[in-house]
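The first residue in the sequence is number 1, and the count goes up from there.
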Amino acid sequence: MAFTVAIDGPAAAGKGTLSKALAAHFGFAHLDTGLLYRAVGARMLAGVEPVEAAQTLTADDLSAPNLRTPQVAEAASKVAVIGAVRAALVDFQRAFARRDGGAVLDGRDIGTVICPEAEAKLFVTASPEVRARRRWLELREGDPAADFETVLGDVKARDDRDMNRASAPLRPAEDAVRLDTSDLGIEAALAAAIKVVEKRYRSAR
Ligand code: CDP
C-alpha cells in the first residue's frame with residue numbers, strides 16, 4: 001500500500017530530524033529531497049551546468065562529503081529556482097512517494113507539487129531566529145568561528161528565494177497541518193507529528 005507523508009517548511013525548521021524519526025516510527029522509507037538540490041548545487045560549484053547536473057545525477061553525487069556546508073546550501077537554493085532543474089527531479093521523487101510500504105519526503109514542495117495526493121501533510125515552521133540558532137549550533141561543531149548573524153542572514157536570504165521563486169515556491173498546502181516548533185523540543189514536536197500521521201494512517205487502512 002502507498003502512504004505518503006509530505007513534510008514541507010523553511011530552512012532549519014527541524015524537518016530532517018522529524019522526518020527521519022517519523023519514518024522510523026511507522027517503518028516507512030525516508031527521502032530528504034533537499035539533498036537532491038544540494039547535490040545539483042555542489043555539481044554546479046564544481047563547474048557542471050545545473051540542468052545537466054540534475055539530469056545526470058547519480059547515487060554517488062548524493063553521498064558527496066560537502067553537501068551540508070553553507071556554500072552548498074546557498075548553491076542549492078540558487079539551482080532550485082530553475083524550472084528545468086526541478087522538472088528533472090520530479091519523477092524520482094514521485095516514484096519514491098508512491099512506493100509500496102509508505103514513504104516520508106521532506107522538502108519545500110512535496111505537499112503542493114510532488115505529491116498533492118499525499119495522505120498526510122505537515123508544514124513545519126519556527127521563527128527565523130530559532131532556526132538560525134539551531135543551524136548555528138550545528139555549524140559550530142565543525143567551525144568554532146561560525147557567526148550567528150551570518151547564519152541568520154543566510155537563513156533569511158534562502159527563505160526569501162524559496163518563497164518568492166516562480167517555480168514551486170515554498171508555501172503550505174491548503175490541507176497541511178502546521179507545526180510551529182519554535183517552543184517545542186524534538187520529543188514534543190515528534191509526538192505532535194505522530195498524532196497527525198496516525199490519524200490519517202488509521203483512516204487510510
Ligand atoms: O536543511 P535545510 O532546510 O537547510 O535545506 P534543504 O532542505 O537541504 O534544502 C536546500 C535548498 O534546496 C532549499 O533552500 C531549497 O531552495 C531547495 N529545495 C527545494 O527547492 N525543494 C525541495 N523539495 C527541497 C529543497
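A chain of hydrophobic side-chain contacts below 4.5 Å, direct or via other Ile, Leu, Val, Met, Phe, Trp or Tyr residues, connects Val85 to Leu57. When the side chains of ILVMFWY residues are joined at heavy-atom separations under 4.5 Å, either directly or via intervening members, Met44 and Leu89 end up in a single hydrophobic cluster.
Looking at every heavy atom in both residues, Leu105 comes nearest to Ala103 through CD1-CB, 4.0 Å. Minimum interatomic distance between Ala12 and Arg131 (heavy atoms only, all atoms of both residues): O-CG, 3.3 Å. A pairwise comparison of heavy atoms in Ala6 and Ala118 identifies CB-CB, 3.9 Å as the closest pair. Across Ala53 and Val40, no two heavy atoms sit closer than the pair CB-CG1, 4.1 Å. Here the closest non-hydrogen pair linking Ala54 and Ala88 is CB-CB, 3.9 Å. Scanning both residues, Arg94 and Val113, for their nearest heavy atoms gives NH2-O, 2.9 Å.
Applying the salt bridge (charged side-chain N to carboxylate O under 4.0 Å, His left out) test to residues at least two apart or on different chains, the pairs with a partner in residues 51-63 are Arg43-Asp61. Residue pairs meeting the salt bridge (charged side-chain N to carboxylate O under 4.0 Å, His left out) criterion with at least one member in residues 99-113, sequence neighbours excluded: Arg86-Asp109, Arg108-Asp162. Residue pairs meeting the ring-ring contact (aromatic ring centres under 6.0 Å, His included) criterion with at least one member in residues 72-105: none, sequence neighbours excluded. The list of salt bridge (charged side-chain N to carboxylate O under 4.0 Å, His left out) pairs with a residue in residues 171-181, not counting sequence neighbours, reads Lys121-Asp175. Among residue pairs with one or both ends in residues 7-24, none qualify as salt bridge (charged side-chain N to carboxylate O under 4.0 Å, His left out); sequence neighbours excluded.
Every residue meeting the side chain to side chain donor-acceptor pair (under 3.5 Å) condition with Glu119, not counting sequence neighbours, appears here in chain and number order: Arg98. Residues forming a side-chain contact (heavy atoms from CB on, under 4.5 Å) with Arg140 (at least two apart in sequence, or on another chain): Trp136, Leu137, Ala146. In this structure, the salt bridge (charged side-chain N to carboxylate O under 4.0 Å, His left out) partners of Arg135, at least two apart in sequence or on a different chain, are Glu138.
Through chains of ILVMFWY side-chain contacts below 4.5 Å, Val197 is grouped with Met1, Phe3, Val5, Ile7, Leu18, Leu22, Phe26, Phe28, Val104, Leu122, Val124, Val177, Leu179, Leu184, Ile186, Leu190, Ile194, Val196, Tyr201. Using a 4.5 Å cut-off between side-chain heavy atoms of Ile, Leu, Val, Met, Phe, Trp and Tyr, Leu170 falls into a hydrophobic cluster with Phe123, Met163.
Note: Thr4 OG1 to Ile110 CD1 = 10.0 Å, rounded to the nearest 0.5 Å. A distance of 14.5 Å separates NZ in Lys156 from CZ in Arg158, rounded to the nearest 0.5 Å.
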Table please: side-chain donor-acceptor pairs of residues 147-155 below 3.5 Å, with sequence neighbours left out.
unit_1: Asp147; atom_1: OD2; unit_2: Thr150; atom_2: N; d: 3.1
unit_1: Asp147; atom_1: OD2; unit_2: Thr150; atom_2: OG1; d: 2.6

Kindly list each side-chain donor-acceptor pair under 3.5 angstrom involving residues 69-82, sequence neighbours excluded, with atom names and distances?
unit_1: Thr69; atom_1: OG1; unit_2: Asn66; atom_2: O; d: 3.1
unit_1: Thr69; atom_1: OG1; unit_2: Val72; atom_2: N; d: 3.3
unit_1: Glu74; atom_1: OE2; unit_2: Arg161; atom_2: NH2; d: 3.4
unit_1: Ser77; atom_1: OG; unit_2: Glu74; atom_2: O; d: 3.4
unit_1: Ser77; atom_1: OG; unit_2: Arg161; atom_2: NH1; d: 2.3

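Atom CG of Asp183 has 12 or fewer neighbouring heavy atoms from other residues, nucleotides or ligands inside a 6.0 Å radius.
Judged purely by distance below 3.5 Å, without hydrogens or angles, the side chains of Thr181 and Arg134 pair a donor atom with an acceptor atom.
With a 4.5 Å cut-off on side-chain heavy atoms, Asn164 and Asp160 count as touching.
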